[in-house]
Protein chains: 2
Amino acid sequence: MARRGDTIELAVLGLLHEGPMHGYELRKRLNLMLGWGRILSYGSLYPALKKMLRNNLIEELTGSAQPTSRRQRIVYQVTEKGTEEFSRLMSEVGPAAWEDDNFDIRFRFFSSTDMEIRLRVLEGRRSRLQERLDRVQRELAMTQREVDRYAAELERHGVESVEREVRWLSDLINAERGTDTKTAAAEAETTKEGLP
Amino acid sequence: MARRGDTIELAVLGLLHEGPMHGYELRKRLNLMLGWGRILSYGSLYPALKKMLRNNLIEELTGSAQPTSRRQRIVYQVTEKGTEEFSRLMSEVGPAAWEDDNFDIRFRFFSSTDMEIRLRVLEGRRSRLQERLDRVQRELAMTQREVDRYAAELERHGVESVEREVRWLSDLINAERGTDTKTAAAEAETTKEGLP
DNA sequence: GTTAGCATGTAAGGAGTTACATGATTTT
DNA sequence: AAAATCATGTAACTCCTTACATGCTAAC
């Protein structure tokens, strides 16, 4: 049941697995990663942290982790339950995992999962994008073509972007399959595009 | 005061300027354009249409526009007030106009505005993306570099995508400036990328 | 005749933004 | 001493999605 809101939770758990952090720092990092557009406000982050505290997924880091006195800040760390929840969420491969934001977060923490999961996520995302492409192209074929140059250019650019994303995913999938050797990646490179 | 919710309104007004349409048809077209990800649900569209009806931006198309009987459907068309509102919204160039969805909609209906506005929107969007790029690169330089390969790959891909978008915008800006001649566009083309 | 798609809506609820509120610390 | 930015939070509100509810029409 990976709902939309679990995305922040997943990201926070993932980041805290890289070391204890306080809210402000988390927000900065979050904005850097899911940052190509969306900016997460304090009004979402802090309530989310409180909720995670209540659910015992994270806890305040007590004791003097910081040398000497520091400014007022609450440093969080994951609990054992948080670690379990993180693993559970990461291996929960479903439609929600192919969505833009959710996919990015999962990818960012791919090192925490095994190859089987990684492939399922990458392939799932790829077919979802491919479906979109097909659907749009099919519907555009049905409707009488638009003549507006800007509409046409926007559409061309959109299709191109998605196609690039699909190629990127294909390369990654090949890389995953080709494990240690570089061969698969190089092979994928040549099939990418013919020279103009 | 272009808020987020005005995006649907802008899109609906724009589409209805291309001809009268009913809600179901509007949704299909909307999903095709702002469609690379987001899908607009009926639960957002129909209430939005009702609201626009109340504000006299659109009206039900009465009379027999359709030859002979058809199935139950409500065909909308823009009112005079709606046309004014559309012009007003389109020329309202502010931060909201550089946002992903809002930008796409504006671009889609660029033919309805003059070059001055188009350039302001394109340049605004470009500097916004450039700022993002700079900010991210600056902050990444400050923080000690991450070593995780997936995190690094995601970041590389993100930077590349935004850079492509910036180049696309630059080409469009040049094309706008080069008005009737193809020279500017062709010139921009060569600066795009060197051959591998 | 029954499935698939057309067509319109409503109610409840979630997720996140905006705006507000506060204060410490570092830099200029 | 002022400005920037670090740091944490709350309340109201908006937008939108999900799920539900209904019924027609075309195709198989």
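Reckoned from all heavy atoms, side chains included, excluding hydrogens, waters and symmetry mates. Here is how names work: the chains are called A, B, and so on, in the same order as the sequence lines, proteins then strands, and each is numbered from 1.
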Which nucleotide in the set [options] lies at the smallest distance from any side-chain heavy atom of [X]?
X: A/H22; options: C/dT17, D/dA7, C/dA7; value: D/dA7
X: A/I8; options: D/dT10, C/dG16, D/dT18; value: C/dG16
X: A/R73; options: C/dA7, C/dT10, D/dA7; value: D/dA7
X: B/S44; options: D/dT17, D/dT8, C/dG9; value: D/dT17

Residue pairs meeting salt bridge (charged side-chain N to carboxylate O under 4.0 Å, His left out), one or both in residues 42-55 of chain A, sequence neighbours left out, come to none
Atom [atom1] of [X] to atom [atom2] of [N]: distance rounded to whole Å?
X: A/R27; N: C/dG16; atom1: CZ; atom2: P; value: 14 Å
X: A/E60; N: D/dT8; atom1: CD; atom2: C1'; value: 12 Å
X: A/Y24; N: D/dC6; atom1: OH; atom2: P; value: 4 Å
X: B/Y46; N: C/dT8; atom1: OH; atom2: P; value: 4 Å
X: B/R138; N: D/dT5; atom1: CZ; atom2: P; value: 10 Å
X: A/K50; N: D/dT8; atom1: NZ; atom2: P; value: 11 Å
X: B/L45; N: C/dG9; atom1: CG; atom2: P; value: 10 Å
X: A/M21; N: D/dT8; atom1: CE; atom2: P; value: 12 Å

**Q.** Any donor-acceptor N/O pair, B/D148 side chain to B/A151 backbone, under 3.5 Å
**A.** yes
The criterion is salt bridge (Lys or Arg N to Asp or Glu O under 4.0 Å); which residues satisfy it with B/E165, sequence neighbours excluded?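 Partners of B/E165 under the salt bridge (Lys or Arg N to Asp or Glu O under 4.0 Å) test: B/R125.
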Measure the acute angle between the ring planes of A/H157 and B/W168, then classify it against the limits of 30° and 60° as parallel, tilted or perpendicular.
->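 Ring orientation of A/H157 relative to B/W168: parallel.
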Is it true that A/R88 and A/E92 make a salt bridge, defined as a side-chain N closer than 4.0 Å to a carboxylate O? yes
Beyond-backbone contact of A/M90 with A/I117, side-chain heavy atoms, under 4.5 angstrom |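 Heavy-atom side-chain distance check fails, nothing below 4.5 Å.
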| message | What I'd like to find out is whether the side chain of A/E59 reaches to under 4.5 Å of the side chain of A/V78, using heavy atoms alone. | response | no
Can you name the atoms? Protein N/O to nucleotides 19-21 of chain D N/O, anything below 3.5 Å, with the distance.
none

(Q) Return whichever of A/K51 or B/K28 has its heavy-atom-nearest nucleotide of DNA chain C closer to the 5' end. (A)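 Nearer the 5' end of the strand: B/K28.
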Using a heavy-atom cut-off of 4.0 Å across all strands, would you classify A/L26 as base, sugar-phosphate, or nothing?
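Nothing: the residue A/L26, judged by heavy atoms under 4.0 Å, touches no strand.
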